[in-house]
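Written below as structure tokens is the structure these notes are about.
Chain letters run A, B, ... following the sequence lines, proteins first, then strands; residues in each count from 1.
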There are 2 protein chains.
Amino acid sequence: MKNSVPPKAQSKLKAPTIFDVAKLAGVSIKTVSRVINLESNVRASTRERVEEAVEALDYRPNAAARVLSGKRFYVIGLIYENPNEFSYMQKVLNGALKACEAGGYTLLLLPLTLPNPDLIDDVQRFVSQSRLDGVVLPAPLGDFSEIQRLLNELNIPYARITPKTEAGDDLSVQCHDEQASFDVTQFLIEQGHRRLGFIKGDPIHGATEHRYRGYIRALQAAGIGLHSEFVRDGMFSFESGKTAARALLDLREPPTAIVASNDDMAAGTIFEARERGLSIPGDLSVVGFDDTPIASHIWPPLTTVRQPIVEMAEAITSLLIRRLKGEQVEPLDQPFACHVVTRASTGIRAAEDDLA
Amino acid sequence: MKNSVPPKAQSKLKAPTIFDVAKLAGVSIKTVSRVINLESNVRASTRERVEEAVEALDYRPNAAARVLSGKRFYVIGLIYENPNEFSYMQKVLNGALKACEAGGYTLLLLPLTLPNPDLIDDVQRFVSQSRLDGVVLPAPLGDFSEIQRLLNELNIPYARITPKTEAGDDLSVQCHDEQASFDVTQFLIEQGHRRLGFIKGDPIHGATEHRYRGYIRALQAAGIGLHSEFVRDGMFSFESGKTAARALLDLREPPTAIVASNDDMAAGTIFEARERGLSIPGDLSVVGFDDTPIASHIWPPLTTVRQPIVEMAEAITSLLIRRLKGEQVEPLDQPFACHVVTRASTGIRAAEDDLA
DNA sequence: TGAAATAATGACAGCGCTGTCATTGGTTGT
DNA sequence: ACAACCAATGACAGCGCTGTCATTATTTCA
């Protein structure tokens, strides 16, 4: 009940103003203003009537009008030191922020926890309350069809970062994920590995499939057969990586190298290997994806794949902005390139292994 | 030159409007509007004249007026999945965001890289361009006196998260950092350790001194002498932790336990120890601070100190907002409590050690 | 009971811009 | 050289709210 979206009729019609509330409550707009600003000198009965009208119309004060006429801005700034190392979302944030600054736009944030039963309500509230022109949807949010439908209905353009699915008229960025996965797998093969484990990511992310395909292609290119017991499901979390690694290392003939679909799962793999007293890369080589801070801070540091996330986020956001300004924009033609960062978690497979 | 702040006179007077620009350029306001919105049908010479006037007055369009009169909002939303594990800044962001949502305010971000020669210009531009009511300054930004001076001049209230210095009328949050440091050091002592190394943090952070004092107090309480060679400077970075650990482990009689002032430096310490083939916690116990993701993802997982950062950020932001709304607010009376999270990077000091 | 004080409400201007439409100036073609 | 056109510019309303001040109810106290 409380979470339901406003009546459909209003999503097309203009939002109610203070006049509508005043009319419905039978008072002047100034009295409505007093009520919504919690000023004194309003009779309790009047206040109540106004509040009912506000409720009935689902009225929200127009922030711009408030700012323009009043003395307050209703804005808080958060100034912070940009840590020199970033998580994935920090990078996206930075890229989007840059593009917004360059384009004269303001960036507003809606952090969500998934799974979320009220997802659509939350997004709806955010979009209408904050009066947005456009929305950026990093993976996996760009693949929630309910969100896409909502934004389409409200006629709000959106840009997606590494989505899984296509959408017509697509404002989205991709990177050469599959190629990078191919490269990193091939790198392991060149080091002499033949038994290569793979830990998949959360299937909701497009990257999961791309990375898996790169792995398969590299095996094929080297004439190595694909063994299903070497492929395990993961969810991009440390724990899921640990669990998958446990299964792989429990095999009678365990892999000598493991490709984890992100750094957290690679860290989980190393964690699991360490618990078993395995040496890395002596007994097991491990690679990850994303080059997040953890990759360079664990021992041994991870060989991983770096994506230009900041640049990708910046590019797609500025494209979105150009489109909002009325420019006719072409979709990004080229995926961004990724590259392998070689560190100490990978090594040459000892010759003795060939006997096995 | 280009970076200099607008003429002093204007910081008190009202900001120039489109009228001022029009008058100076000798055109109508509509023409100014055309120029700043890059519309067509403006003679090059006119455009130039207007641009000069804009420059001369340092004119910035009033965002609220634009929004109110036009059809655009100049706002982009970024909707993202809140990763289940956060960096320090992510936590601050989440707390501040919560408080803003609850208070009907909007949160705007200014990420900064330090050191920054244009610091004040950047902050000035942010504050005036975004028309903020208040500012949140997480450590170490709350200790930059230039920023404080600027905000005071502009009469913009600010709240600080774990600042080092006091400011009258203080809107700031602290946590029981010293106590936590005492606790974690005492914990190591109880495990039998007597030779305890300490790696300090960046001196610009208040936490650095608090944590160091807790360490000293715990040594005193146990009757253990403070040896200066056991105390090393660090900068809160992984690298600095590694360097400091190297120095400590190079000692003729190295410590059997190391207290690093944050997790990154603790990770650096473990990294260094691993490079030397030391076993943890067998040969060396290590503790960190902050309980960042890395603490639980490295092997062995780190014993560390967790601060309620989200709650702290939320509390101080909502206090700031209440103050902006005109309430008479009291400073937060109690620092927030921290607690030790015990993991596998610490262990009982073997008895043989007593011989040494 | 009536005057003075106070509480509750309303009328209205104006915040700084953009959208619409009217007007002016300049160019082209014949 | 004049009409017919298009480019360049301006006049003005109005976006939705808050601040100011005037007005009208209600209470208080002599």
Phosphate-side-chain proximity, A:T31 and C:dG10, N/O vs OP1/OP2 below 4.0 Å: yes
For nucleotides 11-16 of chain D, list the nitrogen or oxygen atoms of the protein found under 3.5 Å from its nitrogen or oxygen atoms, one pair per line.
from	atom 1	to	atom 2	distance (Å)
D:dC15	O2	B:L68	O	3.3
D:dC15	O2	B:S69	N	3.3
D:dG16	N2	A:A65	O	3.4

For A:S172, side chain to side chain donor-acceptor pair (under 3.5 Å) partners two or more places apart: A:D170
Close approaches to DNA chain D from residues 42-51 of chain B, in residue order (heavy atom, under 4.0 Å): B:V42, B:R43, B:T46
Nucleotide D:dT18, atom P - distance to CD of A:E39 in whole Å: 8 Å
Counterpart residues, side-chain contact (heavy atoms from CB on, under 4.5 Å), relative to A:R34 (two or more places apart): A:K30, A:T31, A:E39, A:V42
Residues forming a side chain to side chain donor-acceptor pair (under 3.5 Å) with A:Q174, sequence neighbours excluded: none
A:Q148 atom CD, neighbour heavy-atom count above 12 within 6.0 Å: yes
Residues in side-chain contact (heavy atoms from CB on, under 4.5 Å) contact with B:E52, at least two apart in sequence or another chain: B:E48
Listed partners of B:P331 passing side-chain contact (heavy atoms from CB on, under 4.5 Å), at least two apart: none
Set of residues satisfying side chain to side chain donor-acceptor pair (under 3.5 Å) with respect to A:N116, sequence neighbours excluded: A:D122
Distance test, side-chain N/O of A:N37 to OP1/OP2 of D:dT18, below 4.0 Å: yes
Non-neighbouring partners of A:D143 that pass side-chain contact (heavy atoms from CB on, under 4.5 Å), sequence neighbours left out: A:R160, A:P163, A:K164, A:T165
Euclidean distance, atom CD1 of residue A:I36 to atom P of D:dC17 [Å, nearest integer]: 7 Å
